[in-house]
Amino acid sequence: AKILAILFATFAVGASFGIGNLTQGNSIAAAFHSVCGAPMVVVGIIVGIATFSIVLGGLKTISKVSSFLVPIMAVLYFVSALIVVLAHITAVPAALVMMFRMAFSVKAVGGGIAGSVVASMMQAMSKGVAGGCFSNEAGMGSAAFTAAAATTDHHVRQGYISGTGTFWDTFIVCSITGLAILTSGVMEQAIVNGEVVLTGANLTIAAFETTIGPVGAWLVAASLALFAFSTILGWEYYGEKALEYLTSSTKMTMIYRVLFSVVAFLGCITAFDLAWNISDVLNALMIIPNAICMWLLIGPLVKDMEAFQKEKIAAKQAKHTQKRRTKAVHAIEKL
């Protein structure tokens, strides 16, 4: 267990520079470069300075900023995506069919939009699994950092709450993004003469822009920037906590914060494919020790869940009994 914990913490520190930093900064820079032609270096400097100034304040500052940014991002993005889908509501059935065809097609052109056109089902599955990990971090163990910091009356209840994140993030947000892209018709613009010309944030921006106009492009850029920046802050916390497990040196913590902020800048000027490939490798390393731990902890987890359900039933019965007693007392008082 000690060895697995050390490996997990080490890989978590590494992953914080990938999924929580390089790719996020890359998305922010690409979005604003596409919308207004902002130089990626300038965006990178702003992101790097903003990251460093906030992480210096620790968890309280990070939580305050994130709790303000995330709700705004969620509302902006979801409403905008919903407008795009409703504007092309008649194309939704065909879009759903296309999703399944791309997912199970041997050539899987959909996998190519995410990076490069793939030629086999295994490669398509690899892209899908990597994208899924990036989307909801399921199996990576990163959610445990946040859950451990939460105030709760029972760890199983917190586990249930944390588990809903996968549903909202992947099933709701990612699904409506996919529908917006497919129904808007920009897929035809994504590949020109066999070459992928629209990827990532640029593809989503094009989908929104075709329906809502320039305002749609700015809404995507703004909501994406808010989401990505809050992710950068969250992963800085994950990486810092993992580092604290490996070493109690405050000097190392400060070095990590500075390095993390520098990487946030580098992510903004890094090539799209390189940033994502690095992130996929670091994610996979983090999953290995966490998956082993989850397998070993299935037994204790099942027992805890059963005990939690029994406690809920007992509490419900006690509440019902108390109500009956209260009614009986009131009846006697009336008599």
Side-chain angles (χ1 to χ4, degrees), residues 5-6 8-33 38-74 76 134 137 140-151 162 165 201 221-270 275 278-279 282-283 285-286:
I6 292 173
F8 175 78
T10 302
F11 295 147
V13 173
S16 70
F17 291 107
I19 185 175
N21 202 329
L22 274 176
T23 51
Q24 305 301 330
N26 194 269
S27 297
I28 294 173
F32 282 105
H33 181 72
M40 291 189 172
V41 175
V42 174
V43 176
I45 292 172
I46 295 172
V47 170
I49 293 174
T51 299
F52 184 67
S53 62
I54 292 173
V55 299
L56 278 179
L59 177 59
K60 288 185 177 180
T61 306
I62 292 173
S63 60
K64 283 181 180 179
V65 174
S66 297
S67 62
F68 173 75
L69 294 180
V70 174
I72 295 175
M73 172 279 301
L76 274 176
F134 181 86
E137 303 169 19
M140 290 180 60
S142 55
F145 289 102
T146 305
T151 301
S162 297
S223 57
L224 176 62
L226 293 174
F227 172 74
F229 189 64
S230 64
T231 303
I232 289 174
L233 298 180
W235 266 93
E236 192 282 333
Y237 171 74
Y238 298 167
E240 190 171 312
K241 287 299 166 186
L243 186 64
E244 284 180 9
Y245 178 79
L246 297 172
T247 175
S248 58
S249 171
T250 54
K251 184 178 179 180
M252 286 299 297
T253 300
M254 183 54 66
I255 291 174
Y256 171 80
R257 291 176 178 178
V258 173
L259 183 60
F260 191 88
S261 302
V262 171
V263 174
F265 162 75
L266 294 176
C268 294
I269 61 174
T270 304
I278 292 174
S279 177
L282 295 173
N283 291 352
L285 290 173
M286 190 173 170

Distance-minimising heavy-atom pair for [X] and [Y]:
{"X": "F260", "Y": "G20", "value": "CZ-O, 3.8 Å"}
{"X": "T51", "Y": "A264", "value": "OG1-CB, 4.1 Å"}
{"X": "L224", "Y": "A31", "value": "CD2-CB, 3.7 Å"}
{"X": "M40", "Y": "A30", "value": "CE-CA, 3.9 Å"}
{"X": "A15", "Y": "M286", "value": "CB-SD, 3.7 Å"}
{"X": "G44", "Y": "F265", "value": "C-CD1, 3.3 Å"}

Just how far is it from atom [atom1] of [X] to atom [atom2] of [Y], taken to the nearest 0.5 Å?
{"X": "F17", "Y": "I232", "atom1": "CZ", "atom2": "CD1", "answer": "12.5 Å"}
{"X": "E236", "Y": "L243", "atom1": "CD", "atom2": "CG", "answer": "10.0 Å"}
{"X": "Q24", "Y": "I19", "atom1": "CD", "atom2": "CD1", "answer": "7.0 Å"}
{"X": "L285", "Y": "F8", "atom1": "CG", "atom2": "CZ", "answer": "12.5 Å"}
{"X": "L56", "Y": "S261", "atom1": "CG", "atom2": "OG", "answer": "7.5 Å"}
{"X": "F11", "Y": "M140", "atom1": "CZ", "atom2": "CE", "answer": "12.0 Å"}

- Item | Close side-chain approach of Y238 to V13, heavy-atom, < 4.5 Å | no
- Task: Check whether any side-chain N or O of H33 sits under 3.5 Å from a backbone N or O of P39 as a donor-acceptor pair, and report yes or no.
- Result: no
- Query: If only atom types and distance count, is the side chain of E240 paired as donor or acceptor with the main-chain N or O of T253 below 3.5 Å?
  - Reply: no
- Item | Worked check of side chain to side chain contact (heavy atoms under 4.5 Å, CB included) between Y245 and T10 | CA-CA 9 Å; Y245 178 79; T10 302; over 6 Å; no
- Query: Any side chain to side chain donor-acceptor pair (under 3.5 Å) pairs touching residues 13-22, not counting sequence neighbours?
  - Reply: S16-Y256
- Apply side chain to side chain contact (heavy atoms under 4.5 Å, CB included) to W235 and S142, showing your working. CA-CA 8 Å; W235 266 93; S142 55; 3.6 Å; yes
- Evaluate side chain to side chain contact (heavy atoms under 4.5 Å, CB included) for I269 paired with V43, printing each intermediate quantity in order. CA-CA 9 Å; I269 61 174; V43 176; over 6 Å; no
- Would you please test C268 and N26 for side chain to side chain contact (heavy atoms under 4.5 Å, CB included) and show each step? CA-CA 4 Å; C268 294; N26 194 269; over 6 Å; no
